[in-house]
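What you see is a predicted model; the values in this text were computed from it and never measured. Ligands are counted one by one from 1 in listed order, and the atoms in each one are counted from 1 as well.
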Amino acid sequence: MYFPRKIELIEVGPRDGLQNEPIAIPTSSKKELIRHLAEAGFRRMETAAFVSPKWVPQMADAEEISKYCHELGITYLALTPNLMALERAIAAKAPQIAVFVGASSAFNQKNVNKTTEQSLVECEEMFALAKQNGMFIRAYVSMAFSCPYQGEVTLEEVRRVCDRFVQLGADEIDIGDTNGFANPKMAYERFSRLKDWYPDTVFVGHFHDTRKMALANTLAAMQAGIEKFDSSIGGLGGCPFSPGAAGNLATEDISLMLSELGVNTGVHLEKVKQTVPLARSLSSRF
Ligand code: HMG
Ligand code: MG
């Protein structure tokens, strides 16, 4: 079996973990969570989303969270679905943005009120503006395995979105199993093909744990040469527009597995474990 010497874990709990929570979480509690995660060694975290507060009320404090990340001195990612979001991110001096486009157009329509093609066209202007502002650009391909509205998502549909992201100069492409329907065979095969097609592109794996396969999918993607993964503390998470999707790959699970395999992540396993109760205390699921 192949194990890289190093894996980057990107903590997405403060964003993906909390965005779907039905009851408003105080900004002070989010800050406490971010601080604990920074102390656990995460160098890069997804903490905010400059989305519409009407669509996702839990992310309404994106500006204040950004300000806190600057005070803490951490590198953070902020979701930007459209130009207005990017303008907010620029004003907040976000160092890294994340655009997200569904491989399934049916999902993209539910998520951001645009077809996949319309979002990709908007990305052209967004990438140019983000680059002018020196921002790092993460580009998510959501519903990259299956979709609750469309059913099967083909690799060709994923490729079409990746082609555009590569042409536009994404700094990394994050392949999202938004509804958690990938399995290890699919994960291995899709990531292997993507790596063949785009040898110079940095890919990230983002698995939701709906069917308890997120850890197995991560291991399979590692076999295909992927060295960056998103995870969420306490296994929190879910997308409001992906019905039935469970939380993300749990940070404590992947940290433990990689530690036992001798793969360096730079995170402190004990501190990660200690942060789980705090994260879960913010969620209505636990
Ligand atoms: P819309 O309603 O089509 O927007 O929403 P619009 O352009 O028609 O504008 C309507 C109103 O929204 C206007 O205000 C705009 O100013 C305002 P009004 O005139 O009515 O007062 N507006 C905004 N306000 C704040 N920030 C903005 C913004 N844009 C417009 N950026 C929009 C389009 C994209 C805003 C909306 O659909 C939205 O916010 N969607 C959010 C979707 C979301 O956050 N989904 C969850 C994250 S994705 C995910 O979880 C998957 C991922 O984890 C990867 C994976 O798992 O695969 C990333
Ligand atoms: Mg997600």
Side-chain angles (χ1 to χ4, degrees), residues 10-21 45-63 66 77-92 94 96-104 107-116 118-119 122-123 125-126 129 137-149 153 157-158 161-162 165 170 172-182 187 190 203-210 214 217-218 229-232 235-251:
I10 300 105
E11 172 61 40
V12 298
R15 194 281 302 171
D16 209 346
L18 302 183
Q19 69 182 10
N20 203 21
E21 283 301 325
M45 273 188 248
E46 206 166 270
T47 58
F50 291 104
V51 296
S52 161
K54 287 188 192 140
W55 284 61
V56 187
Q58 199 63 255
M59 294 287 107
D61 52 6
E63 273 79 5
S66 292
L77 285 141
L79 254 55
T80 54
N82 60 11
L83 268 167
M84 183 186 283
L86 179 57
E87 278 154 15
R88 289 175 62 197
I90 292 168
Q96 304 202 352
I97 57 158
V99 302
F100 47 103
V101 179
S104 143
F107 167 70
N108 205 65
Q109 193 80 54
K110 299 267 185 201
N111 199 32
V112 295
N113 207 17
K114 286 194 168 74
T115 64
T116 294
Q118 286 169 332
S119 282
E122 189 161 17
C123 276
E125 207 175 326
M126 287 171 65
L129 188 57
I137 305 172
R138 158 179 282 203
Y140 276 105
V141 184
S142 291
M143 295 297 178
F145 295 89
S146 159
C147 168
Y149 307 105
V153 173
E157 286 172 304
V158 177
V161 181
C162 285
F165 284 160
E172 67 186 12
I173 298 184
D174 198 330
I175 301 297
D177 179 22
T178 319
N179 59 342
F181 266 64
R190 291 207 169 187
F203 284 101
V204 184
H206 178 109
F207 293 105
H208 283 261
D209 207 18
T210 315
N217 292 337
T218 302
F229 294 95
D230 294 338
S231 66
S232 172
L236 267 51
C239 172
F241 310 101
S242 172
N248 292 76
L249 167 68
T251 302

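With rounding to the nearest 0.5 angstrom, the CZ atom of Phe181 is 10.0 Å from the CE atom of Met143.
Remark: the backbone N or O of Cys147 is not paired with any side-chain donor or acceptor of Ser104 at under 3.5 angstrom. Under a 3.5 Å cut-off, the side chain of Thr210 and the backbone N or O of Ala246 do form a donor-acceptor pair. The backbone N or O of Thr115 sits less than 3.5 Å from a side-chain atom of Gln118, completing a donor-acceptor pair. Thr47 places no side-chain N or O within donor-acceptor distance of the main-chain N or O of Pro14, the cut-off being under 3.5 Å.
Around the Mg ion (ligand 2), protein atoms of type N, O or S found under 2.8 Å number 3.
Protein residues having at least one heavy atom under 4.0 Å from any atom of ligand 1 are Arg15, Asp16, Gln19, Phe50, Val51, Ser52, Pro53, Lys54, Trp55, Val56, Leu79, Pro81, Asn82, Met84, Ala85, Arg88, Phe100, Asn111, Val112, Asn113, Tyr140, Ser142, Gly176, Thr178, His206, His208, Cys239, Phe241, listed by chain and number.
The ring pair (Phe, Tyr, Trp, His ring centres under 6.0 Å) check on Phe145 picks up nothing, with sequence neighbours excluded. Annotation: side chain to side chain donor-acceptor pair (under 3.5 Å) contacts of Gln19 (sequence neighbours excluded): Arg15, Asp16.
For the pairing with Asn248, the side-chain contact (heavy atoms from CB on, under 4.5 Å) check across Asp177, Val12, Leu236 returns one residue only, Val12.
Side-chain polar atoms of Ser119 and Asn108 form a donor-acceptor pair below 3.5 angstrom.
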